[in-house]
Peer 1: 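Have a look at this one before I ask anything.
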Amino acid sequence: MEKFNTHTGLVVPLDVANVDTDQIIPKQFLQKTERVGFGVHLFHDSRYLDHAGTQINPDFVINKSEYKEASILLAGENFGCGSSREHAPWALQEYGFKVIIASSFADIFYGNCINVGLLPIKLSEAEVEQLFKLAPDAQLTLTVDLPNNVVTCGELSFKFSLSEFQQYSLENGVDSVGWTLDKLDTIKAFEEKMPAWQ
Amino acid sequence: MNNSSPKTMYEKLWQNHLVEEAKGETPLLYVDRHLIHEVTSPQAFANLRFHNRPVRHPERTIATMDHNISTRSIKIDAAGEGAANQLRALAINCKDFGIELFDMGHKNQGIAHVIGPELGLTLPGTIIVCGDSHTATHGAFGALAFGIGTSEVEHVFATQTLRQNKAKTMKIEVKGNVGAGISAKDIILAIIGKTGSAGATGYVVEYCGEAVEALSMEERMTVCNMSIEFGAKAGLIAPDQTTFDYIEGKEYSPKGDVFAQAVADWKNLKSDTDAVFDAVITLEAKDIKAQVTWGTNPGQVISVDGIVPSPEDFSDPVEKDSCINALKYMDLTAGTKMTDIQVNKVFIGSCTNSRIEDLRAAAGVVQKYEGQKVVANVDAIIVPGSYRVKEQAESEGLDKIFIDAGFEWRLPGCSMCLGMNDDVLEEGDRCASTSNRNFEGRQGRGSRTHLVSPEMAAAAAITGHFVDLNA
């Protein structure tokens, strides 16, 4: 996993609540055995006018030319609800997003983002609303400083937090499996005490 | 919290599985059972290979083919090239890593959340994970069960553990008894209608109360299955005699003295009387009527004797906007009677409602219509949750009842719940579905899903619209 330190990027506002993982990456694109090839299908049903994905929907905010370079997604509440598919953060990441900001995320999606190195930032509803007011017309560039847990834009600054280990993992690009495998003796000791039925 | 203070069932499960809580690290929990399928596992296996790591406990892992498979043929190629590639990859991965696989046509094959319980793989007091959000189903047994992403699938493969931050706890008590004809699906939809589709985000939910205790194991599975649909990490129901009776004698369940010891341990799992929950929600069972969703998330649900709501009914601006968008997508007009909504597709199946009791309930409704058939403009399919369910249903003659009435009787799989195979709705189709998600495009681009019980789906197939069966 790549390390995350600071990131400065353009914000694209997707002012819709409850964007589920079926909207982020529809099921017909999950039939891959690799981790790549999902970015082109991100938000497929909104992004394209046709099922085959050949006609761009010019009204969908992400397709607007002024947001072409966006790398920070500002989203409505309960973003990423629905299925556990990690293909959703893979698709967002491959499209070019480094950071997702919302007032709330679905639990599984949030954990999946951390595990792939895509930074989910929870801000208060009032702060997210303030950002939505600033974001139209491609006016908003934010700097996300993970080590200091702050999002800034000129005079504005918003604090955010992650759990201690999630923060450490993202900053250091931790191989979480390798990290746990270093504790194999502790796991084995736990297994020896388990009841027979377990 | 010290050891003697009253604990919730979730806290007990947590404590019993806590391998390590190191300073500065997310707590490490032991995983007893890992269910895998073809869609969310290949990239995890690929990473194991890349790092040259084995699966630590292949015997704690069980694989099935369910998401992608055809319901018309047991041939691996029957649902297209992409599906076949994933199915073949699963077979190779299971062989290489020593994992037991229920592949196409195997007597134990079926939807992961149907076969786990019916084979006795699902036990109280365990942690069960699967790369699928409806893993919460297994919480019906008092197992802490939740969906995980592919990176976590890899972590479980390699270590048999997971890192999890502790969730908050919510008690949902359904007091008293439900009226005649009210199903478990109606109970859970009514709960989600009350909490909203994100009402339990950050929580593990425990369902309790007389109405919950009265449910059969299969009904409890239907309730727990949809925990994720209001954001809960997991749903739990305290194991009791109903649970123990269900498990005893199943193919993979503990036997003899080990089973007796297990039951003794499982009896201690229930939340202590004075345990404190972070949130409590109470419903009166007698107020729950048959439910139908009208919108594009499971929280947008109403009683079948109600009308399609208007955006004006919602004071919260987000809910108001969601209502406007949902009515547009669903092509519904506020004020329309739910019983006037016409459907052209019916799907009875999915990990929510594809077990034998669901099929019996649907067949019972079909029989009440005495010889009437699926109405001319409706296509209705029945997809059993597993080969065991299919075989049981056929031994009871349920398949005949359905086929004679004009339903299609299919092979087991996830099917139209998510439409990864060819069981997909067309644009503009309106479906009465016993599945768990009515998201935009879920069953096919531009298609419209109404979530209902098996009884309601059967009635909609025969009449072409929703019916208040209890009126």
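Chain letters run A, B, ... following the sequence lines, proteins first and then strands; every chain starts at 1. No hydrogens, no waters, no symmetry mates; every other heavy atom, side chains included, goes into these values.
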Peer 1: Which of residues 190-198 of chain A get closer than 4.5 angstrom to chain B, counting heavy atoms alone?
Peer 2: A/F190, A/E191, A/M194, A/P195, A/A196, A/W197, A/Q198
Peer 1: Rounded to the nearest 0.5 Å, how far apart are CG of B/N165 and CG of A/L162?
Peer 2: 10.5 Å
Peer 1: By a 4.5 Å heavy-atom criterion (distance strictly below it), what part of B/H17 contacts chain A: side chain, backbone, both, or neither?
Peer 2: both
Peer 1: Against chain B, work out which of A/K27, A/Q23, A/R35, A/E164 has the most heavy-atom pairs shorter than 4.5 Å and name it.
Peer 2: A/K27
Peer 1: Tell me which of these, A/L181, A/I187, A/L184, A/D175, has more heavy-atom pairs under 4.5 Å with chain B than the rest.
Peer 2: A/I187
Peer 1: With a 4.5 angstrom heavy-atom cut-off, could you sort out which part of B/I148 is near chain A: side chain, backbone, both or neither?
Peer 2: backbone
Peer 1: Are there more than 12 heavy atoms of other residues, nucleotides or ligands under 6.0 Å from atom NZ of A/K68?
Peer 2: no
Peer 1: Of the backbone (N, CA, C, O) and the side chain (C-beta and beyond), which part of A/E77 lies under 4.5 Å from a heavy atom of chain B, both, or neither?
Peer 2: side chain
Peer 1: Take atom CD in B/E59; do more than 12 heavy atoms of anything else shown fall under 6.0 Å from it?
Peer 2: yes
Peer 1: Quick one: what part of B/A158 sits under 4.5 Å from any heavy atom of chain A, side chain, backbone, both or neither?
Peer 2: both
Peer 1: Got more than 12 heavy atoms from elsewhere within 6.0 Å of CD, A/E2?
Peer 2: no
Peer 1: Check each atom of B/T161 against the heavy atoms of chain A and say whether the ones under 4.5 Å are side chain, backbone, both or neither.
Peer 2: side chain
Peer 1: If the threshold is 4.0 Å, N to carboxylate O, is there a salt bridge linking A/D107 and B/K168?
Peer 2: no
Peer 1: Give, as side chain, backbone, both or neither, the part of B/N16 having an atom under 4.5 angstrom from any heavy atom of chain A.
Peer 2: backbone
Peer 1: Who wins among A/D20, A/V16, A/N112 for the most heavy-atom pairs under 4.5 Å with chain B?
Peer 2: A/D20
Peer 1: Heavy-atom pairs under 4.5 Å with chain A - which of B/T296, B/T126, B/D132, B/D321 has more of them than the others?
Peer 2: B/D132
Peer 1: Select one option (side chain, backbone, both, neither) describing which atoms of A/I108 are under 4.5 Å from chain B's heavy atoms.
Peer 2: side chain
Peer 1: Any side-chain heavy atom of B/T40 within less than 4.5 Å of one from A/H87?
Peer 2: yes
Peer 1: Do the side chain of B/E25 and the main chain of A/F165 share a donor and acceptor less than 3.5 angstrom apart?
Peer 2: no
Peer 1: Taking the side chain as everything from C-beta on, heavy atoms only, tell me whether B/R163 gets closer than 4.5 Å to A/Q166.
Peer 2: no
Peer 1: Would you call A/D45-B/R445 a salt bridge at under 4.0 Å N-O?
Peer 2: yes
Peer 1: Look at B/N68, B/N47, B/V258, B/T150 and state which one has the largest set of heavy-atom pairs under 4.5 Å with chain A.
Peer 2: B/T150
Peer 1: Does any heavy atom of chain B fall under 4.5 Å from the side chain of A/D50, the backbone, both, or neither of them?
Peer 2: backbone
Peer 1: Do you know which of A/W179, A/Y168, A/F109 has the most heavy-atom pairs under 4.5 Å to chain B?
Peer 2: A/W179
Peer 1: A/F105 versus chain B, heavy atoms under 4.5 Å apart: side chain, backbone, both or neither?
Peer 2: backbone
Peer 1: Main chain of A/K32, side chain of B/Q86: is a donor-acceptor contact present, judged purely on distance under 3.5 Å?
Peer 2: yes
Peer 1: Examine whether an atom of B/R60 lies under 4.5 Å from a heavy atom of chain A, and if so say whether it belongs to the side chain, the backbone or both; otherwise answer neither.
Peer 2: side chain
Peer 1: What option among A/T21, A/L30, A/N18 has the most heavy-atom pairs under 4.5 Å with chain B?
Peer 2: A/L30
Peer 1: For chain B, which of A/A88, A/G82, A/S176 has the most heavy-atom pairs under 4.5 Å?
Peer 2: A/G82
Peer 1: Which residue out of B/S151, B/P42, B/G147 racks up the most heavy-atom pairs below 4.5 Å with chain A?
Peer 2: B/S151
Peer 1: Quick one: of B/L18, B/N421, B/L90, who has the most non-hydrogen atom pairs under 4.5 Å with chain A?
Peer 2: B/L18
Peer 1: Under 4.5 Å, counting heavy-atom pairs only, tell me which of B/A198, B/A83, B/G24, B/A22 racks up the most with chain A.
Peer 2: B/G24
Peer 1: Does the side chain of B/M420 come within less than 4.5 Å of A/Q28's, by heavy atoms?
Peer 2: no
Peer 1: Among residues 115-129 of chain A, which ones touch chain B with a heavy-atom distance under 4.5 Å?
Peer 2: A/N115, A/V116
Peer 1: Taking all non-hydrogen atoms of both residues, which atom of A/T33 and which atom of B/N85 are closest, and how far apart?
Peer 2: CG2-O, 4.3 Å
Peer 1: What part of A/S163 is in contact with chain B, defined as an atom under 4.5 angstrom from a non-hydrogen atom: side chain, backbone, both or neither?
Peer 2: side chain
Peer 1: In terms of heavy-atom proximity below 4.5 Å to chain A, should B/P27 be classed as side chain, backbone, both, or neither?
Peer 2: neither
Peer 1: If you tally heavy-atom pairs under 4.5 Å against chain A, which of B/F157, B/F45, B/W266 wins?
Peer 2: B/W266
